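Values below: all heavy atoms of this structure, side chains included; hydrogens, waters and symmetry mates excluded. Chain identifiers are assigned alphabetically (A, B, ...) following the order of the sequence lines, protein sequences preceding nucleic acid strands; residue numbering begins at 1 within each chain. Since the structure is predicted, the reported quantities are computational estimates derived from the model, not experimental observations.
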Amino acid sequence: MSGRARVRARGRARSPSPADAPSPTSVDISASEASSTGDFAGTSRISQTHGVSPGDARCPFIQRGGKGRRDFMDLDVCTREKLAHVRDCKTGSSGVPVKLVTNLFNLDLPQDWQLYQYHVTYVPDLESRRLRIALLYSHRELSNKAKAFDGVILFLTQKLEEKVTELSSETHRGGTVKMTITLTRELPASSSVCIQVFNIIFRKILKKLAMYQIGRNFYKPSEPVEIPQHKLSLWPGFAISVSRFESRLLFTADVSYKILRNETVLEFMTDLRQETTMSCFTQTCEKRLLGLIVLTRFLAFPRYNNKTYRIDDIDWSVKPTHTFQKQDGTEITYVDYYKQQYDITLSDLNQPVLVSLLKTKRNDNTEPRVAHLIPELCFLTGLTCQATSDFRLMKAVAEETRLSPLGRQQRLARLADDIQRNKDARFELETWGLHFGCQVSLTGRVLPSEKILMQDHICQPASAADWSKDMRNCKILSAQSLNKWLILCSNRAEYVTENFLHCLRRVGSCMGFNVDYPKIIKAQENPAAFFSAVQKHVDPDVQLVMCILPSNQKNYYDTIKNYLNSFCPVPSQCVLTRTLNKQGMMMSVATKIAMQMACKLGGELWAVEIPLKSLMVVGIDAYKDEVSKGMVVVGFVASINPGITRWFSRCILQRTATDVADCLKVFMTGALNKWYKHNHGLPARIIVYRNGVGDGQLKTLIEYEVPQLLSSVTEASANTSSKLSVIVVRKKCTLRFCMEMNRSLQNPPLGTVVDSEATRPDWYDFYLISQAACRGTVNPTYYNVIYDDNGLKPDHMQRLTFKLCHLYYNWPGLISIPAPCQYAHKLTFLVAQSIHKEPSLELANSLFYL
Amino acid sequence: MEEFQRSTVPRKNVIEFRPPLYKQRYFFVKDIVNQYKPKKVADLGCGNATLLCMLKFHSCVQELVGVDLLMDRLLDWNSDKLSPSIGDHLGPRDLDLSIVLYRGSAVEKDSRLLGFDLITCIELIEHLDSEDLAKFPEVVFGYFSPGMVVISTPNSDFNPLFPASTFRNSDHKFEWNQTQFQHWASNVAKLYSYTVEFTGVGVPPPWAKHVGYCTQIGIFKKKQPDPGSWILAKPTGSRVSEPEEHAYQVVFTASFPSLQQKHFLLFVLCTEVLKEVEAIRQKYVWIMKRKESSEPESEEDTDSGLVRRPGLFLTDAQVAQIEKSPKPYSVGKRFYVPLKRLIGYPKVNRLVADVSTLRTLLAEGIPMRLNRAHTSVQIDLDPYDYPHDYR
């Protein structure tokens with residue numbers, strides 16, 4: 001998520017929440033205002049702020065900037081109770097049991113453990129949160145008790161003698177303050193408030209282990225991995241949380257790395273100045289820097305330590321030698337200020353200043369304050385798009401951060417050891433009555449492997465991770481013959497193009513895809529020449545255009561794709577000359593491209609056996625547009641035949657701040673019409689896989705997206721409507737599973753399902769490992785069935801999901817999510833990255849975006 | 001503390017100071033630190049450690065100590081501010097810095113406060129009762145015996161300008177006028193061989209010049225056999241043989257990353273060297289391309305064109321020195337910058353003094369980036385030369 005998007009997300013969350021909301025969602029009693037509230041670019045976390053209403057007993061919880069946790073909101077959504085067929089049992093049965101080690105730890109509490117919630121008022125009223133806390137904490141009555149306090153709400157594990165306790169404190173500079181502590185609730189350990197308090201306790205504990213909180217995670221600066229050639233520093237750490245799983249309270253810890261950059265904004269600017277001409281320097285600079293998050297110790301208002309700021313603007317007219325007005329009204333130059341305040345001499349007196357809008361703490365309408373930051377004193381954080389597209393940099397980062405299951409386990413064991421050995425950490429746990437237990441092992445199942453159905457052959461792949469070898473010389477299911485098509489290449493690439501064409505036709509005929517000789521057009525080596533050649537030669541009768549691009553300059557690809565996807569809808573295939581020059585790779589490159597081309601013409605490559613005879617599967621994904629911020633691209637891909645080999649793909653750009661889709665009814669109706677046309681009836685069952693859902697959006701999904709789908713389904717037929725299921729797919733989850741093998745740890749086999757212990761009691765959910773990780777630890781995909789009319793047995797639901805992971809035609813092997821989701825993702829990615837507008841409806845029947 | 005007064009007692013003062021008086025006091029200490037560059041500084045009665053937070057930025061300070069009776073209750077708020085930040089790890093200080101907070105009293109002896117260059121007691125003495133006040137000089141001047149002491153206290157001559165006729169704070173045991181303070185201070189100075197000068201912050205309004213500063217300050221400097229080198233005055237050697245007294249309780253410690261720690265030096269050095277090499281490479285490639293396109297020679301094509309670049313501030317002498325050193329060169333797809341050249345760049349030179357140290361450190365930090373003879377740093381001439389995919 002980009003910095004801008006994140007701030008929008010914050011802004012959204014700040015919208016007033018009703019004061020009498022029935023279930024308060026988050027508490028924050030972290031001991032310090034000084035801890036970082038900003039997330040870093042590169043993480044996809046969403047932070048939020050909620051209204052503060054101290055003194056209102058009905059809404060007793062305070063959420064402070066950035067610390068409210070949206071996933072807690074999700075946990076309050078109970079979907080399972082509405083699904084009668086899984087109320088008693090949501091576990092599957094098929095497959096071979098496998099013993100798995102998790103990254104979960106037991107947390108034990110005494111049987112009768114309770115949390116007491118108190119409300120604290122002060123007379124005279126004190127505004128300062130620090131003072132409120134300092135006064136209460138210094139009181140003898142409370143000094144030895146386990147407590148958490150945010151200035152208003154106090155949590156204790158031991159009940160005070162009286163329901164209402166009056167305390168008074170002499171402040172050490174005189175004056176008496178009366179504190180009234182009133183019991184408001186007694187909470188059992190299972191309450192969601194307790195879970196939040198546990199999370200606060202563990203945040204405290206990790207701080208005691210000398211870790212830094214950045215965003216939500218904790219990092220250890222004492223053992224950094226440094227990559228000087230990319231100016232990066234990686235801090236190892238953990239994403240942690242305490243949560244109630246199936247039957248128990250468990251602590252989750254997943255290894256995480258924070259990428260910090262050893263590069264100041266000024267250095268970034270001077271580098272850029274060398275690369276670009278003076279005229280477009282300021283423009284390029286703003287384009288690259290605005291929205292980025294920077295980190296600084298030094299600020300015109302030195303209030304926070306580990307604070308991060310977003311660059312909202314660059315003021316080129318202000319120089320460090322200019323003056324600014326301090327809070328007390330006096331004027332001082334930046335140079336003098338930093339010398340005086342921080343003993344720092346600025347080296348570049350011509351640098352501009354960065355402008356950051358400060359978040360206001362309350363919901364008042366006061367003008368936002370701005371912070372002026374000196375580029376020389378600001379470190380960049382996270383990775384920019386340029387950095388993430390730098391193949392060497394990403395490789396270097398991956399090499400350092402990719403941990404084998406064993407390596408990961410060693411880190412976890414050390415964390416557990418630290419928590420148990422550290423005196424302060426142990427003391428903290430003990431005062432709260434918590435016992436940090438052992439790591440959880442559980443039993444999963446490995447689903448039977450699937451056969452791949454080709455045209456005249458059924459193959460049982462040697463490895464489900466990659467069956468390209470097994471498929472060699474097999475005919476694909478169906479392919480349209482390619483008769484009228486164009487190849488566009490530069491003059492220099494003529495020879496290599498001919499060579500490639502020869503290969504393409506040969507592999508094509510092997511797989512049953514007839515490729516005729518195309519018309520070859522030569523163009524000058526520049527994006528404009530390529531584009532005008534496309535414009536000149538492509539007409540609607542052309543089946544496909546292949547472009548052999550001289551470089552991976554984004555211009556070439558974007559302009560061509562843009563034109564051929566919306567203005568003149570013709571499937572297109574872009575290939576880099578460099579790819580075709582690779583020695584000895586020609587055949588495999590040609591095979592892959594031939595398959596992509598066959599799909600783009602509406603062909604079908606392979607299938608798996610689907611026992612349900614009239615089933616439509618749908619994938620939905622949402623992606624933020626790269627260029628027009630504030631736009632979300634929603635992709636919708638539905639199967640239109642019972643074999644699940646043909647697809648209907650729609651995509652829309654939605655002007656909205658959320659990832660929630662608006663247009664699902666139209667899409668669903670379109671897909672049903674298509675299905676009707678091809679199958680002369682409606683599908684009996686529809687299963688929708690929804691990807692790209694952020695934390696805290698579960699409720700919106702149920703209240704807003706599911707009804708859209710349902711209304712389309714019921715309106716489609718007067719008599720019997722199709723049955724609908726909706727499954728939320730999450731690729732990112734903090735849970736990890738490993739298999740013990742030969743006294744070491746390994747990734748579990750493909751097709752491993754976990755549907756107990758690590759799942760949630762209130763949800764119909766399961767984990768599925770459907771992708772191979774050659775190096776590193778595999779990330780299981782998490783499925784949460786939020787709506788289910790179909791009433792399929794959990795076992796069938798799991799197996800069907802697994803089958804669908806075999807059907808992504810861009811990769812002859814298993815992938816991490818069901819194919820329709822991956823198609824939808826690929827489609828939204830193309831639109832958001834390159835074409836920025838809705839592709840033509842004429843292309844909807846083929847996988848034109850592969 | 002000030003904050004507390006503001007939030008509980010409605011302010012009746014007609015006289016307002018900008019910046020607020022408490023800030024003026026802290027800035028006064030910062031100025032002292034800037035002027036005398038003490039290495040070890042202690043703040044007695046440090047309260048919520050705001051002054052320490054401000055002093056930790058001074059590059060000369062290597063040891064900061066705060067002492068307060070009521071340390072723990074305020075500690076939670078400032079431990080984060082006193083701990084090294086992420087930025088401190090990314091851009092380490094030149095010199096080590098450790099911060100220690102003690103719970104203890106300014107009238108108790110603790111040997112860990114021996115040997116300080118500066119001890120400050122900001123608005124402290126007026127909170128001492130007569131018994132403690134009597135012990136105070138012996139502990140601070142006699143026992144701790146730092147190079148310099150700064151004591152501030154309210155000036156009661158100023159009080160008539162305030163509407164309230166009482167003490168400025170109910171916990172104050174006394175408020176001295178200028179004569180009283182100066183009398184006490186001069187006696188203390190004489191007894192323990194210090195010089196003292198008086199100043200203050202909070203300038204009185206023009207119509208009441210005679211009342212003096214709102215806060216009066218005494219600056220005590222230890223008398224030296226050789227005046228002018230007072231700051232080097234280490235506390236009396238005889239103390240060392242005395243038994244260790246640990247009356248204070250440690251409540252917080254922090255140690256800052258610095259270039260004195262090899263690990264940080266290595267990382268900063270390697271990063272700076274590679275940044276420099278990359279910048280030189282860019283300029284080198286740019287000049288090569290211009291030569292290829294056979295544009296007319298310009299100043300840019302000379303060696304100083306290769307040395308100078310925006311954002312790099314070099315004196316002419318530095319440029320001349322770099323120009324004299326072996327030139328960067330390329331062989332095939334590799335680009336080389338000799339260490340002898342790199343050492344001329346101020347950002348590298350700041351970290352290591354000579355080529356052999358540079359060589360040793362780079363060999364440890366980025367061995368793959370050194371050429372075989374360990375005389376140059378090598379990188380790819382075109383780092384973006386890598387294959388991409390098709391779609």
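When heavy atoms are compared at a cutoff of 4.5 Å, A/Gln340 approaches chain B by way of both its backbone and its side chain. Using a 4.5 Å cut-off between heavy atoms, A/Leu232 touches chain B through its backbone atoms (N, CA, C, O) alone. For chain A, the nearby part of B/Ile366 is the side chain; its heavy atoms alone come within less than 4.5 Å.
Looking at A/Lys600 and A/Gln573, their side chains do bring a donor and an acceptor atom within 3.5 Å of each other. Using a 3.5 Å distance cut-off with no hydrogens or angles, the side chains of A/Ser233 and A/Asn262 do not pair a donor with an acceptor.
Among all heavy-atom pairs drawn from A/Pro550 and A/Tyr556, the shortest one is CG-OH, 3.4 Å. Summarising the geometry of B/Pro346 relative to B/Leu314, their closest heavy-atom pair is CD-CD2, 3.3 Å, with the distance given to 0.1 Å.
Heavy-atom pairs under 4.5 Å with chain B were tallied for A/Lys231, A/His230, A/Gln351, A/Arg261; the largest tally goes to A/Lys231. Heavy-atom pairs under 4.5 Å with chain B were tallied for A/Leu580, A/Thr270, A/Leu549; the largest tally goes to A/Thr270. For chain B, the option among A/Ser551, A/Ala210, A/Ser347 with the highest count of heavy-atom pairs below 4.5 Å is A/Ser347. Interface check for chain A: of the options B/Lys30, B/Glu272, B/Met368, B/Met54, the most heavy-atom pairs under 4.5 Å are formed by B/Lys30. In terms of heavy-atom pairs under 4.5 angstrom with chain B, the leader among A/Leu266, A/Asp343, A/Ile344 is A/Asp343. Considering only heavy-atom pairs separated by less than 4.5 Å from chain A, the leading option among B/Asp31, B/Val273, B/Leu269, B/Thr271 is B/Thr271. Between chain A and the options B/Cys60, B/Pro257, B/Gly91, heavy-atom pairs under 4.5 Å are most frequent for B/Gly91.
Within the model, atoms CG of B/Leu351 and CG of B/Leu358 stand 9.5 Å from one another, a figure rounded to the nearest 0.5 Å.
Using the six-membered ring where Trp is involved, A/Trp235 and B/His89 have ring planes that are perpendicular, over 60° apart on the 30 and 60° scheme.
More than 12 heavy atoms of other shown residues, nucleotides or ligands fall within 6.0 angstrom of atom NZ in B/Lys173.
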